[in-house]
Amino acid sequence: MNGYTIFWTIVIFFSLISFTLMSFKMLIMGIPELRDMFRQLRETNRKETL
Amino acid sequence: MNLSYLDIAIIIIYLILIFYSGSVMKKYVGGIGDYLVADRSMGFHLGLLSMMCTEIGMITYVYYAEMGFKAGFVALMVAFPTSLAFYIVGRTGFIIKPLLEMRIMTIPEFFSRKFNNSIRLYIGVLMAIGGILNFGVFPGVEANFINIVTGVPQEYVLLTMVIMLTIVLLYTVMGGMVSVILTNYLQYALLSLGMIFITIYGIIQIGWDNIVEAVSSNFGEKGINPFFPSATESEFGIGFIIWQILFWTSIIVSWQAISMRLFSSKDTKTGKRIYVWSGLMFLSRAILPVFWGIMALAYLGSSIESLEALPLLIIKLVPKGILGLLLAALLAASMSTYSSYLLSWSSVVSQDLIGTVIKLATGKELSSDRQLLLSRITMAAVMIFIIWWSLFHKIEGYLYFYLNMTGMLFIPGTLVCLTFGIYYAKTRSTGAFLAITMGAIPPLAYLVLPEDVKTTYASEMGWGGFLLSLIGMIIGNLAHDLIGLNKKKHNNI
């Protein structure tokens with residue numbers, strides 16, 4: 001393995017690990033945000049109806 | 001047929017779930033603001049997730065895998081400029097902060113506020129052409145992909161396209177941005193698991209040493225060292241990096257599908273934060289699929305069609321049962337991209353082209369209901385066009401470069417106009433007009449030139465577009481002022 005191959009190996013594994021961690025974080029933390037978004041939209045629509 | 005009954009059942013359940021959630025969202029859509037930017041109610045995690053979903057489609061996997069398959073490890077270079085551009089723009093708030101503070105819904109709106117409606121119309125036309133030509137190859141490439149993975153004969157490619165687009169159109173038309181954000185959430189869960197699975201399972205099955213060996217034996221030093229034979233002569237060398245940094249800086253501030261995510265975020269801070277973290281996520285978005293292309297090379301050899309490398313790898317590598325889940329993940333990726341792109345490009349056509357023409361002609365804005373109706377009709381028209389384009393357009397060179405160059409029709413002009421318009425008070429509409437026009441010349445040349453020329457000079461045409469656009473802006477501003485001065489002198493006489 002030369003220097004570039006080692007570099008690409010690090011890049012690929014770093015990407016895989018960071019993608020995995022970030023994806024789980026986004027999915028878990030996204031649930032309360034979805035709830036907030038719908039609450040806001042419901043309120044906006046109610047005000048418009050009134 | 002490559003799918004088992006279990007695979008088919010998983011895909012059907014997924015489609016029902018997505019369609020149902022999209023149609024349920026209809027009740028949340030009030031006016032055009034809800035429809036296009038979800039009433040600016042999106043938080044950080046949802047924003048980031050939605051951005052990733054939009055910008056990851058089956059086509060993303062295919063074009064990145066093609067690069068890995070054709071160039072080896074050096075193709076991984078494509079990931080860094082994107083990541084860097086997102087990080088810098090997110091950290092500094094360059095362009096995006098002033099745009100968020102202006103509370104606009106589409107980029108051409110900026111052009112009418114800063115310049116005039118004619119410039120807005122002009123950039124809107126180029127955006128619509130570039131964006132729709134770009135989007136136009138998606139259905140063909142992806143239907144081809146689906147047919148290879150499922151084992152459906154290639155003569156049914158039109159049918160696959162129509163079914164896929166009809167499902168997307170139905171729920172996007174009904175729910176707009178709200179349905180896009182909710183379905184994005186469901187889709188991202190599948191998509192991310194699929195990406196992680198392919199990478200890990202591929203490495204285990206093929207073996208890391210075999211992958212490295214395949215690149216060395218097929219490409220030698222050229223496949224591993226991105227600056228071979230020299231930094232300036234290499235396909236992924238300095239010229240490519242400069243072009244891609246400029247390209248992505250412009251894309252992330254002006255690409256309708258991305259900027260809509262920005263305008264949907266609940267405040268400036270959230271918008272900037274989404275961009276900073278997108279830098280990291282976009283690194284993986286490119287690295288993992290390029291790596292799949294390299295795995296396909298190691299597993300299947302170099303004799304297959306480059307655009308078919310990834311689907312063939314999937315059907316040869318992935319066991320039945322998991323294939324259905326993976327195909328559902330890939331469909332998820334594509335459908336979210338389609339829904340967002342349909343929404344984005346149809347909003348450019350309906351708001352920035354037709355809306356501007358109506359305003360110029362009547363002097364009045366369309367009502368919110370009429371805008372909504374117009375947006376939906378435009379969406380259907382865009383869908384019909386892209387099916388037709390997919391059937392009759394033949395892609396030459398890297399698919400990635402074709403997609404870049406169609407976007408380049410408006411990207412250099414937009415970046416230069418936004419930068420000058422925001423940070424230089426004396427920017428003139430003549431400068432904007434020339435910047436947009438001159439920036440579009442190299443990509444236009446790319447689209448009509450023969451394949452060998454476009455492949456050799458892609459990077460030069462890329463950064464050349466930005467350089468010409470900058471020159472156009474400077475000349476236009478100077479000319480505008482000179483003409484203005486002459487008029488004043490003439491009046492004084």
Side-chain angles (χ1 to χ4, degrees), chain A, chain B residues 25 27-31 33-34 38-50 52 72-74 76 79-80 178 181-182 184-185 188-189 191-193 195-196 199-200 203 208-209 211-212 215-216 221 223-228 264 266 277 280-281 283-288 290-291 294:
Chain A
M1 272 200 186
N2 67 18
Y4 278 113
T5 318
I6 295 166
F7 173 71
W8 295 129
T9 309
I10 294 167
V11 165
I12 289 163
F13 282 97
F14 171 78
S15 296
L16 179 62
I17 294 163
S18 61
F19 181 78
T20 309
L21 294 176
M22 276 303 288
S23 295
F24 281 114
K25 185 170 179 264
M26 287 189 313
L27 288 169
I28 293 164
M29 305 295 280
I31 296 170
E33 287 179 14
L34 263 180
R35 222 179 290 140
D36 283 351
M37 188 181 83
F38 288 119
R39 195 186 306 130
Q40 188 182 325
L41 284 167
R42 222 176 290 134
E43 278 168 18
T44 313
N45 286 342
R46 202 179 52 217
K47 277 178 199 161
E48 278 174 7
T49 314
L50 288 171
Chain B
M25 289 306 102
K27 66 180 178 192
Y28 290 103
V29 181
D34 295 349
D39 200 29
R40 293 192 168 82
S41 52
M42 201 164 63
F44 167 70
H45 294 95
L46 269 189
L48 186 55
L49 184 148
S50 182
M52 289 304 292
F73 285 121
V74 294
L76 293 167
F80 299 110
V178 186
I181 292 172
L182 179 74
N184 274 182
Y185 183 85
Y188 191 79
L191 180 156
S192 52
L193 285 176
M195 284 180 76
I196 296 162
T199 312
I200 296 174
I203 294 172
W208 183 257
D209 290 340
I211 295 167
V212 175
V215 175
S216 296
E221 179 77 6
I224 294 167
N225 179 356
F227 304 120
F228 179 84
S264 303
K266 61 183 180 190
W277 283 95
L280 182 66
M281 296 307 284
L283 189 76
S284 310
R285 170 189 178 265
I287 298 280
L288 300 182
V290 169
F291 180 60
I294 301 170

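Convention: sequence-line order gives letters A, B, ...; per-chain numbering from 1.
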Could you tell me which portion of B:Phe228 (side chain, backbone, both or neither) has an atom closer than 4.5 angstrom to a non-hydrogen atom of chain A?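 B:Phe228 has no heavy atom closer than 4.5 Å to chain A.
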
Which bit of B:Ile224 is near chain A, if near means a heavy-atom gap under 4.5 Å: side chain, backbone, both or neither?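 For B:Ile224, backbone and side chain are both near chain A.
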
Largest heavy-atom contact set with chain A, pairs under 4.5 Å, which of B:Asn225, B:Leu288, B:Thr199, B:Ile211: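 Top count of heavy-atom pairs under 4.5 Å with chain A: B:Asn225.
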
Leading residue by heavy atom contact count with chain A [cutoff under 4.5 Å; candidates B:Leu76, B:Val290, B:Leu283, B:Val74]: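 Greatest number of close heavy-atom pairs with chain A: B:Leu76.
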
Where do [X] and [Y] come nearest, in terms of heavy atoms and distance?
{"X": "B:Met281", "Y": "A:Ser23", "answer": "CE-OG, 4.1 Å"}
{"X": "B:Leu46", "Y": "A:Glu33", "answer": "N-OE1, 2.8 Å"}
{"X": "B:Met52", "Y": "B:Arg285", "answer": "CE-CB, 4.1 Å"}

Hey, what's the ring geometry for A:Trp8 with B:Phe73, parallel, tilted or perpendicular (30° and 60° as the breaks)?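 The rings of A:Trp8 and B:Phe73 lie parallel, inter-plane angle below 30°.
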
